[in-house]
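Remarks on the structure that follows.
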2 protein chains.
Amino acid sequence: MNVMIFSALAEPHRLAIIELLSEGPLQVGNIAERLELSQPQASKHLRVLTSVGLVQVQPVANKRIYKLRPQPLQELETWLETFRRSWDEKFDNPETYLHQLQTAENNKDHSK
Amino acid sequence: MNVMIFSALAEPHRLAIIELLSEGPLQVGNIAERLELSQPQASKHLRVLTSVGLVQVQPVANKRIYKLRPQPLQELETWLETFRRSWDEKFDNPETYLHQLQTAENNKDHSK
DNA sequence: GGAGAATATTCCCGTCAAGGAATATTCACA
DNA sequence: TGTGAATATTCCTTGACGGGAATATTCTCC
């Protein structure tokens, strides 16, 4: 899993942009207005979101319509599914926990 | 959705710790060793992960066993599901896209 | 092609977080 | 109680990032 998507979403305004765009495409001015951002700030954040592929531009006249790109969030969902497997297998399973403790014990330094 | 979990996962080493812990609980020394981190670095990153609830400590003797906490990642999964609804409803739907364009048009400044 | 709307870019500054090194703390055990 | 193992904390420095202000760019339309 790549870290870029997380750092892109780690900024409150960018996360708000993503959630706003989940309702549908918007042009820069509307995004800035709705989130009470300056226009340059909105553009800068949209640039970051575009660079990591979370967002996509579509020029219409002298406007630029931004919309979400499903792929990265879908990949994130896939990544999370691999964790669900871990929950089901290992969590609240005393035997597994014991095994981990023994593993830690076996990893001790035997070279001295 | 809270931004904290994203900033916690936005650091490569911390993301690696999460993925490592998905295989099972580990003590600090083993985490540091496996990821080629200094022990203080590992402790610091684990502190961040704990503070956002992604990880949980369990003291055993003078060791500290860290393991994942399912809740935050499950909440993230839930958050992503709300997006899936948007994909299915709105994506590749020309009518919706047109509606957005018109909405943008209607949001123009009427006060002048 | 000139004007104006919509958007992007640049420059500058303050803040914050990560890493390294050193040190402190906690715990078991002899 | 003292020693060593395991882990946490502090201090410091440096680089990256967000915000504001100003400016540049792009596009449409007359």
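Keep in mind the model is a prediction, meaning the values are calculated, not measured.
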(request) Measure from the side-chain heavy atoms of A:K63 and tell me the nearest of C:dT9, C:dA6, D:dT9. (result)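 Ranking C:dT9, C:dA6, D:dT9 by closest atom to the A:K63 side chain puts C:dA6 first.
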Is any side-chain nitrogen or oxygen of [X] closer than 4.0 Å to OP1 or OP2 of [N]?
X	N	value
A:Y66	C:dA6	no
B:R47	D:dT9	yes
B:R64	D:dA6	no
A:H45	D:dC17	no

(message) According to side-chain hydrogen bond (donor to acceptor under 3.5 Å, both in side chains), does anything in residues 4-17 of chain A pair up with another residue at least two apart or in another chain? List the pairs.
(response)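 For residues 4-17 of chain A, and leaving out neighbouring residues, the side-chain hydrogen bond (donor to acceptor under 3.5 Å, both in side chains) pairs sorted by first residue read A:R14-A:H45.
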Starting from [atom2] on [N], measure out to [atom1] on [X] and report it in whole angstrom.
X	N	atom1	atom2	result
A:E33	C:dA6	CD	P	11 Å
A:L37	D:dG18	CG	P	12 Å
B:L35	C:dA18	CG	C1'	16 Å
A:Q41	D:dC17	CD	P	14 Å
A:E36	D:dG19	CD	C1'	16 Å
B:L26	D:dA6	CG	C1'	15 Å
B:I31	D:dA6	CD1	P	14 Å
B:L49	D:dA8	CG	C1'	15 Å

(request) Give me the residues of residues 1-15 of chain B where at least one heavy atom lies under 4.0 Å from an atom of DNA chain D, by number, or none. (result)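 Listed by number, there are none.
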(message) For B:E19, is there any backbone N or O sitting under 3.5 Å from a side-chain donor or acceptor partner on B:S22?
(response) yes
(request) Please report the C-alpha distance between A:V57 and A:I65 in whole Å, then the side-chain angles of each, then the deciding distance to 0.1 Å, and finally whether the side-chain contact (heavy atoms from CB on, under 4.5 Å) criterion is met. (result) CA-CA 6 Å; A:V57 203; A:I65 313 290; over 6 Å; no
(message) Tell me if the CD atom of A:E81 is crowded by more than 12 foreign heavy atoms within 6.0 Å.
(response) yes
(message) Taking the nucleotide of DNA chain D with the nearest heavy atom to each, does B:N62 or A:Q39 sit closer to the 5' end?
(response)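 Taking each residue's closest nucleotide, the earlier one in sequence belongs to B:N62.
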(message) Side chains of A:E33 and A:N30: any donor to acceptor distance under 3.5 Å?
(response) no
(request) For B:P40 and for B:V48, find the nucleotide of DNA chain C with the closest heavy atom, then tell me which residue's nucleotide is more 5'. (result) B:V48
(message) My understanding is that only one of B:K67, B:Q56, B:Q58 makes a side-chain contact (heavy atoms from CB on, under 4.5 Å) with B:P25; could you say which?
(response)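 Single pass found, and it is B:K67.
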(request) Please name the residue in the list B:L54, B:V48, B:L68, B:I31 that meets the side-chain contact (heavy atoms from CB on, under 4.5 Å) test with B:I17. (result) B:I31
